[in-house]
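Working notes, structure below.
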Amino acid sequence: MKNILITGGAGFIGSHVVRLFVNKYPDYHIYNLDALTYAGNLENLIDIESKENYTFLHGDITDEVYINTIFTKYQFDSVVHLAAESHVDRSITDPLAFAKTNILGTMILLNAFKVLWKDNWEGKRFYHVSTDEVYGSLGTTGLFEETTSYDPNSPYSASKASSDHFVRAYGETYGLPYVISNCSNNYGQQQFPEKLIPLFINNILNDKALPVYGDGNYTRDWLYVVDHAIAIDLVYHKGLNTETYNIGGFNEWKNIDLVKLLCQQMDQKLGRAAGTSEKLITYVKDRPGHDLRYAIDASKINKELGWSPTVTFEEGLSETIDWYLSNEDWLNNVTSGNYQNYYKAQYK
Ligand code: NAD
Ligand code: TYD
C-alpha cells in the first residue's frame, strides 16, 4: 500500500487526477488535501468520495504546522502537487496571494517531505505539476521545449516559475527525488468559469457579452483535461527523477477562432439560429502583460513515455459543452455569491 498525497484535488485538474488514481490503483491510498478556496469544490468528486482508498483532508498548504502534522501522521510516500492559485487575471489584482500559495506553499510541502524522509529516498517521489506559462511568450513561430529558458511575465507565471526552481533546488541541495511537468492550457468538465472556455459557455447561456481581450489574436495550445490526467499518471510512474516533461495538445488556436467555434457549437446544441452567439462577442481592454502565444513541443513525453492526446479538440469541446449544459446546477452554485463580485470588478 502506497500513501499518496495529491494537493488541490478538489480543483479542476486535481479532481480528474484524483479520480483516475483512486479508480485505477486500489492498492494506493489517495489523500486529497485541499483548502477549498473559491476554486475547490467537493461536488467534483462525489462519484469516488466513499471509496475505501480515498481520504479528503481539508487544509492549507501554507499552514506549516498542519502540513508537518499530516506528513508525520500519514507518512506520504509521494506527493503529486497541484494546489495553486491558478488564474492570471486574479494574479494581476492580488499578486501576494499567488506568492503565498504557489511559492511558500510549495516550499512548506518540500520541507515537510525532506524532514519526513531525510536521506531515505528509496521509492519516494515529489511530483510538481506546473505550467507552460513559466517560459513566457512565443512570437509567431517556435515551440516551448524542456530546455527553453524561463521568462515569466505575469505574477501567476512568476510564482509558478519560482516554485519550479525551489523543487529543483531541493533536488540539487538535499537529493530530494522530484519530477516536474509543464502543461499547456487545459479545458474540460468542472473548470471554474473564470477561464476562457467555461466563462464564455456560461455567458452564452445567459445571453451576456463575450469579453475578448485586445484584438483576440492571442494563441493558446489547448489540451483536454482527461488527457492531462493520463499524462500525469505516466509521468508519476515512468518519468525519470530530475527530469521535466512538457505536455501539450498539438492544438493551437487564436482566441477569436476558438470563440467562434464555441459559438457555433453552442448555437447548434441550444437550437439557436446560426450566428446568434457570435453577436455577443465584444472586444474589451487587453490584459496587462498579455502573452502573445504559447505552444508546446511535447515530443519528449511522446517518445520517452509513449503519451499523446487521445481526444480531438472538436470532440473535447463538444463533450465539455454537453457537460455544462447538463450540469447547470453546478454552474449556478459556483457563479452565485462571490463570483458576482469578481465578475463586476474584472469586467466592470
Ligand atoms: P484550480 O484553480 O481549478 O484548482 C486549484 C485547487 O487548489 C483548488 O481546489 C483550490 O481549493 C486548491 N488550493 C488553492 N490554494 C490552496 C492552498 N493554499 N492550500 C490547499 N489547497 C489550495 O486549478 P487547476 O486549473 O486545476 O490547476 C491545477 C494545477 O495545474 C496548478 O498548479 C496549475 O498551475 C497547473 N496547471 C493548470 C493549467 C490549466 O490550464 N488550468 C495548465 C497547466 C498547469
Ligand atoms: P485563460 O483561460 O485565462 O488562460 P491563460 O491566461 O492562462 O492562457 O485565457 C486564455 C486566453 O483567453 C488568454 O489569451 C486570455 C483570453 N481571455 C479573453 O480574451 N477574455 C477573457 O475573459 C478571459 C478570461 C481570457
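For ligands, and for the atoms within them, numbers begin at 1 and follow the listed sequence.
Using a non-hydrogen distance threshold of 4.0 Å, Ser184 registers as a contact of ligand 1. Within the structure, ligand 1 has Gly59 among the residues with a heavy atom less than 4.0 angstrom away. Distances from ligand 1 to the non-hydrogen atoms of Val129 include at least one value under 4.0 Å. Heavy atoms of Ala10 come nearer than 4.0 angstrom to ligand 1 in at least one pair. Ligand 1 is approached by Tyr156 to a heavy-atom distance shorter than 4.0 Å.
Every N/O-N/O distance between Ala83 and ligand 1 stays at or above 3.5 Å. Considering backbone and side-chain atoms together, Lys195 places no N or O closer than 3.5 Å to any N or O of ligand 1. Taking distance alone, with nitrogen or oxygen atoms compared against 3.5 Å, Cys183 stays at or beyond that limit from ligand 1. Considering backbone and side-chain atoms alike, Ser86 places an N or O below 3.5 Å from some N or O of ligand 1. Considering backbone and side-chain N/O atoms, Thr37 comes within less than 3.5 Å of an N/O atom of ligand 1. Considering backbone and side-chain atoms alike, Leu33 places every N or O at 3.5 Å or more from each N or O of ligand 1. By the 3.5 Å distance cut-off applied to N or O atoms, Leu196 is counted among the residues near ligand 2. Residue-to-ligand polar distances keep His228 apart from ligand 1: every N/O pair is separated by 3.5 Å or more. The N/O atoms of Lys160, backbone and side chain alike, include one that comes under 3.5 Å of an N/O atom in ligand 1.
For His165 and Tyr178, the ring centers are positioned 6.0 Å apart or more. Here Phe113 and Phe76 keep their ring centres 6.0 angstrom or further from each other. The ring of Tyr187 has its center closer than 6.0 angstrom to the ring center of Tyr224.
What sits closest to atom 27 (O) of ligand 1 on the protein, heavy atoms only, is Ile13 CD1, 3.8 Å. Protein heavy atom nearest atom 20 (C) of ligand 1, with residue, atom name and distance: Ala35 N, 3.3 Å. Closest protein heavy atom to atom 6 (O) of ligand 2: Arg287 NH1, 2.5 Å. If you check which protein heavy atom lies closest to atom 8 (O) of ligand 2, you get Arg220 NE, 2.7 Å. Protein heavy atom nearest atom 44 (C) of ligand 1, with residue, atom name and distance: Ser130 O, 3.1 Å. For atom 5 (C) of ligand 1, the closest non-hydrogen atom of the protein is Ala84 O, 3.5 Å. At the top of the distance list for atom 22 (O) of ligand 2, counting protein heavy atoms only, stands Tyr347 OH, 2.7 Å.
Residue Pro211 approaches ligand 2 through these ligand atoms, each under 4.0 Å from one of its heavy atoms: 18 (C), 19 (O), 20 (N), 21 (C), 22 (O). Annotation for ligand 2: atoms under 4.0 Å from non-hydrogen atoms of Val88 are 6 (O), 7 (O). Near Leu199, meaning under 4.0 Å from any of its heavy atoms, are these atoms of ligand 2: 22 (O). Of all the atoms in ligand 1, the ones that sit under 4.0 Å from a non-hydrogen atom of Gly40 are 8 (C), 9 (O), 11 (O). Residue contact check: Glu194 has heavy atoms under 4.0 Å from atoms 24 (C) of ligand 2. Within ligand 2, counting atoms from 1 as listed, the ones closer than 4.0 Å to a heavy atom of Tyr294 are 8 (O). Within ligand 1, the atoms closer than 4.0 Å to a non-hydrogen atom of Asn185 are 40 (O), numbered from 1 in the order shown. Listed by number with element, the atoms of ligand 2 under 4.0 Å from a non-hydrogen atom of Glu133 are 5 (P), 7 (O), 8 (O). Less than 4.0 angstrom separates some heavy atom of Leu36 from each of these atoms of ligand 1: 11 (O). Near His87, meaning under 4.0 Å from one of its heavy atoms, ligand 2 places the atoms 3 (O). Residue contact check: His290 has heavy atoms under 4.0 Å from atoms 13 (C), 14 (O), 15 (C) of ligand 2.
Of the options Phe313, Tyr218, Tyr294, a ring-ring contact (aromatic ring centres under 6.0 Å, His included) to Trp253 is made by Phe313 and by none of the others.
Separating the CG atom in Asp89 from the OG1 atom in Thr93 is a distance of 7.0 Å, to the nearest 0.5 Å. Between Leu331 atom CG and Leu205 atom CG the span is 6.5 Å, to the nearest 0.5 Å. In this structure, CG in Asn217 is found 13.0 Å from CZ in Arg293, a value given to the nearest 0.5 Å. Atom NZ of Lys208 sits about 11.5 Å away from atom OG1 of Thr282, to the nearest 0.5 Å.
With a heavy-atom cut-off of 4.0 Å, Tyr156 does not touch ligand 2 at all. Contact annotation: for Asn185 versus ligand 2, heavy atoms closer than 4.0 Å belong to the side chain alone. The backbone and the side chain of Asp60 each have at least one atom closer than 4.0 Å to an atom of ligand 1 (non-hydrogen atoms only). Contacts of Asn255 with ligand 2, taken as heavy-atom pairs under 4.0 Å, involve the side chain alone. When non-hydrogen atoms are compared, ligand 1 lies under 4.0 Å from neither the backbone nor the side chain of Asn102.
Cation-pi geometry between Arg90 and Tyr342 is met: under 6.0 angstrom from the ring centre, within 45 degrees of the axis. Annotation: cation-pi geometry not satisfied between Lys348 and Tyr343 (NZ/CZ under 6.0 angstrom from ring centroid, within 45° of ring axis).
Between the side chain of Asp227 and the backbone N or O of Thr310 there is at least one donor-acceptor pair closer than 3.5 Å. Proximity of a side-chain donor or acceptor of Lys195 to a complementary backbone N or O of Phe192 within less than 3.5 Å is not detected. Lys160 contributes no side-chain N or O that, together with a main-chain N or O of Asn182, makes up a donor-acceptor pair within less than 3.5 Å. A donor-acceptor contact shorter than 3.5 Å is absent between the side chain of Asn111 and the backbone of Met107. Side-chain atoms of Ser157 never come within 3.5 Å of backbone atoms of Val134 as a donor-acceptor pair (strictly under, hydrogens ignored). Checking side-chain atoms of Asp297 against main-chain N and O of Phe144 turns up no donor-acceptor pair under 3.5 Å. In this structure, Glu146 contributes its side chain and Asn246 its backbone to a donor-acceptor pair below 3.5 Å.
The hydrophobic clustering, which links ILVMFWY residues whose side-chain heavy atoms are closer than 4.5 Å, places Ile256 and Ile201 together.
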**Message:** Apply side-chain hydrogen bond (donor to acceptor under 3.5 Å, both in side chains) to residues Tyr54 and Arg19 and explain how you reach the verdict.
**Reply:** CA-CA 10 Å; Tyr54 173 73; Arg19 176 174 301 102; over 6 Å; no

**side-chain hydrogen bond (donor to acceptor under 3.5 Å, both in side chains) assessment of Ser149 paired with Asp151** = CA-CA 6 Å; Ser149 307; Asp151 192 16; over 6 Å; no

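Around atom 21 (C) of ligand 2, the closest heavy atom drawn from Tyr213, Trp253, Trp222, Tyr218 belongs to Tyr213.
A donor and an acceptor atom, one from each side chain of Asp267 and Ser277, are located under 3.5 Å apart.
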